[in-house]
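Worksheet: the structure to be examined is printed underneath.
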There are 2 protein chains.
Amino acid sequence: MDTSTTGAPGPGGPDPRGGEGAEAGEPAGPPAGTRWLDGGELAAWLATSAIMISLPAALDARMQRESGMTFFEYMVLSVLSEEPEHTMQMSDLAARTSASLSRLSHVAGRLEKRGLLARVRVPGPGRRTNAVLTGAGYGEVVAAAPGHVAAVREYLVDGLGPAELAALRRIGASVEAAIDRT
Amino acid sequence: MDTSTTGAPGPGGPDPRGGEGAEAGEPAGPPAGTRWLDGGELAAWLATSAIMISLPAALDARMQRESGMTFFEYMVLSVLSEEPEHTMQMSDLAARTSASLSRLSHVAGRLEKRGLLARVRVPGPGRRTNAVLTGAGYGEVVAAAPGHVAAVREYLVDGLGPAELAALRRIGASVEAAIDRT
DNA sequence: CCCTCGTTGTTGACGCGTCAAGTTAGAGGG
DNA sequence: CCCTCTAACTTGACGCGTCAACAACGAGGG
């Protein structure tokens with residue numbers, strides 16, 4: 001893998017070479033003030049981008065095959081299944097699954113149509129809505145769980161030592177904080 | 001965040017509780033032979049899933065806003081820009097970007113329509129096709145690069161120390177190997 | 001010489017996520 | 001009492017990725 005971010009396109013060195021001819025009217029390359037990534041940073045970023053692209057795809061494909069549901073759908077049902085009353089307010093559920101409210105709403109709609117969860121307006125003030133796991137929904141999570149853990153182990157956890165697992169926790173916290181800051 | 005994978009849904013402990021009533025005809029819960037994730041593994045996995053969901057979304061949104069292209073499109077153009085003749089065979093480019101050939105083909109089609117790259121059949125034997133960066137395409141990568149590095153630094157690299165960066169490289173290798181094994 | 005196979009790449013239908021625009025409901029200001 | 005704000009959702013259009021089918025092309029077997 002390789003994604004640049006190295007500097008002026010061309011592996012570290014200058015110039016495009018090759019025969020493309022004169023450029024269009026660009027402001028003459030990058031603004032010069034950029035701090036490019038050094039070797040170690042670059043390698044770490046390339047590793048991350050490969051993970052970002054491959055892992056969700058692999059996980060999704062496998063979940064779809066084995067349990068007929070998406071990785072994200074599993075997350076939603078799973079979070080609900082761990083809640084006291086199998087219930088959570090939509091916006092909280094969205095935060096818990098790192099998703100936008102819009103995305104969650106779409107997913108909830110589909111899950112509702114499949115009879116795996118129900119949405120109920122909360123009577124109090126404001127416009128709260130709760131997502132509730134149905135009996136069928138609970139059955140599906142329980143059935144899907146073993147396959148899901150197996151996949152997570154196979155693709156990620158079992159290949160790592162304690163040091164990497166610890167690093168992952170710190171990295172997760174750092175990334176989340178950085179993104180929230182925006 | 002929290003995604004289960006902990007055990008029988010319900011936080012670590014047994015039983016669903018809550019009032020859902022009797023389940024349908026499931027084979028009586030998980031097959032029992034499952035090795036659930038322990039606390040540290042669970043936390044690492046939750047961190048990873050949060051990254052998998054949030055980072056690409058954040059990066060994509062920002063690239064789209066600032067440079068009018070996708071994170072993945074940038075990767076493709078960038079890889080090409082680092083190649084000697086700004087050229088690479090489709091299947092190699094797919095491997096380099098961790099994408100399926102089909103995905104790459106669609107993306108190449110769009111980029112071609114925008115005049116950023118061209119595809120040329122290689123005359124020799126077989127059915128090889130090369131993707132080639134155009135002058136305009138090169139201009140766009142160069143213009144987009146600084147913003148891209150800035151985002152990568154802000155969301156990921158600058159928040160991490162040498163230990164985390166090193167761990168990331170090892171984790172990337174491990175995950176890639178595990179997925180390829182499938 | 002033909003038939004089948006393995007690569008390599010493309011295409012179309014379909015599903016999911018995003019973005020922008022609503023909708024519903026209470027809270028605060030004048 | 002009305003008007004506007006904000007919070008909490010929902011909805012629809014649109015773009016991208018996946019999957020499955022297909023097309024192009026050489027190689028080997030019988």
Side-chain angles (χ1 to χ4, degrees), chain A residues 52-66 68-76 88-114 116-132 179, chain B residues 52-66 68-76 87-114 116-132 179 182:
Chain A
M52 272 173 27
I53 297 184
S54 305
L55 229 199
L59 241 24
D60 255 336
R62 186 155 158 174
M63 284 291 292
Q64 196 66 271
R65 230 180 321 112
E66 296 181 356
M69 72 176 91
T70 299
F71 163 59
F72 184 71
E73 290 173 341
Y74 176 80
M75 273 189 71
V76 170
M88 198 181 301
Q89 197 183 327
M90 289 294 283
S91 36
D92 298 339
L93 191 50
R96 262 300 202 62
T97 53
S98 311
S100 68
L101 197 44
S102 168
R103 178 180 186 181
L104 179 62
S105 187
H106 280 296
V107 171
R110 285 172 232 139
L111 291 176
E112 202 167 26
K113 216 166 293 174
R114 290 199 256 153
L116 304 183
L117 76 70
R119 276 179 290 187
V120 299
R121 286 292 312 279
V122 178
R127 201 203 175 187
R128 261 100 40 75
T129 306
N130 278 345
V132 189
I179 292 182
Chain B
M52 272 172 30
I53 297 186
S54 305
L55 230 198
L59 242 22
D60 256 335
R62 187 155 160 174
M63 284 292 292
Q64 196 66 272
R65 230 182 318 113
E66 296 180 357
M69 72 176 91
T70 299
F71 163 59
F72 184 71
E73 291 174 341
Y74 176 81
M75 272 190 72
V76 169
T87 288
M88 198 180 304
Q89 197 184 327
M90 290 294 282
S91 35
D92 298 339
L93 190 50
R96 264 300 203 65
T97 52
S98 311
S100 69
L101 197 42
S102 169
R103 177 179 187 181
L104 178 62
S105 188
H106 281 296
V107 171
R110 285 171 234 143
L111 292 175
E112 202 167 25
K113 216 166 293 174
R114 290 198 255 153
L116 304 183
L117 75 70
R119 276 179 291 187
V120 299
R121 285 290 313 277
V122 178
R127 202 202 176 185
R128 260 105 31 83
T129 306
N130 278 346
V132 190
I179 291 181
T182 313

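The base of D:dT10 has none of its N or O atoms less than 3.5 Å from a complementary donor or acceptor on the side chain of A:Ser102.
Counting only heavy atoms from C-beta on, A:Arg127 has its side chain closest to C:dT24 among C:dT24, C:dG17, C:dT8. Out of C:dG9, C:dT10, D:dT11, the shortest distance to the side chain of A:Ser105 is found at D:dT11.
Scanning all heavy atoms of the two residues, the minimum distance from B:Ser100 to B:Arg103 falls at OG-N, 3.0 Å. A:Arg121 approaches A:Arg128 most closely through the heavy-atom pair NE-O, 3.4 Å.
Not one side-chain nitrogen or oxygen of B:Arg65 sits closer than 4.0 Å to the OP1 or OP2 atom of C:dT18. Contact annotation: A:Arg110 side-chain N/O to D:dT11 OP1/OP2 distance is not under 4.0 Å.
Here B:Ala99 lies out of heavy-atom contact (under 4.0 Å) with every strand. Using a 4.0 Å heavy-atom criterion, one finds that B:Arg121 contacts the sugar-phosphate atoms exclusively. Backbone-only engagement by A:Gln89 is indicated by non-hydrogen atom pairs under 4.0 Å involving sugar-phosphate atoms exclusively. Residue-level contact check: A:Ser100 touches the backbone only, with heavy atoms under 4.0 Å from sugar-phosphate atoms and none from bases.
Cation-pi check for A:Arg62 over A:Phe71 is not met; the charged atom does not lie both under 6.0 angstrom from the ring centroid and within 45 degrees of its normal.
The distance from atom CD of A:Glu73 to atom P of C:dG15 is 12 Å, rounded to the nearest whole Å. For the pair B:His106 NE2 and D:dC16 C1', the computed distance is 9 Å after rounding to whole Å. One atom, CZ of A:Arg128, and another, P of C:dA27, lie 11 Å apart when rounded to the nearest Å. One atom, CZ of B:Phe71, and another, C1' of C:dT18, lie 18 Å apart when rounded to the nearest Å. Taking atom CZ of A:Phe72 as the reference point, atom C1' of C:dT18 lies 13 Å away to the nearest angstrom. For B:Leu104 and D:dT18, the CG to C1' distance is 14 Å, given to the nearest whole Å. Across the protein-nucleic acid pair, B:Asp60 atom CG and D:dC16 atom P stand 10 Å apart, rounded to whole Å. In this structure, CE of B:Met90 is placed 17 Å from P of D:dA24, rounded to the nearest angstrom.
Mapping A:Gly126 and A:Arg103 onto DNA chain C via the closest heavy atom, the residue that lands nearer the 5' end is A:Arg103.
The OG atom of A:Ser91 lies 9.0 Å from the CG atom of A:Asn130; values are rounded to the nearest 0.5 Å. Rounding to the nearest 0.5 angstrom, the gap separating the CE atom in B:Met75 from the CZ atom in B:Arg96 is 9.5 Å.
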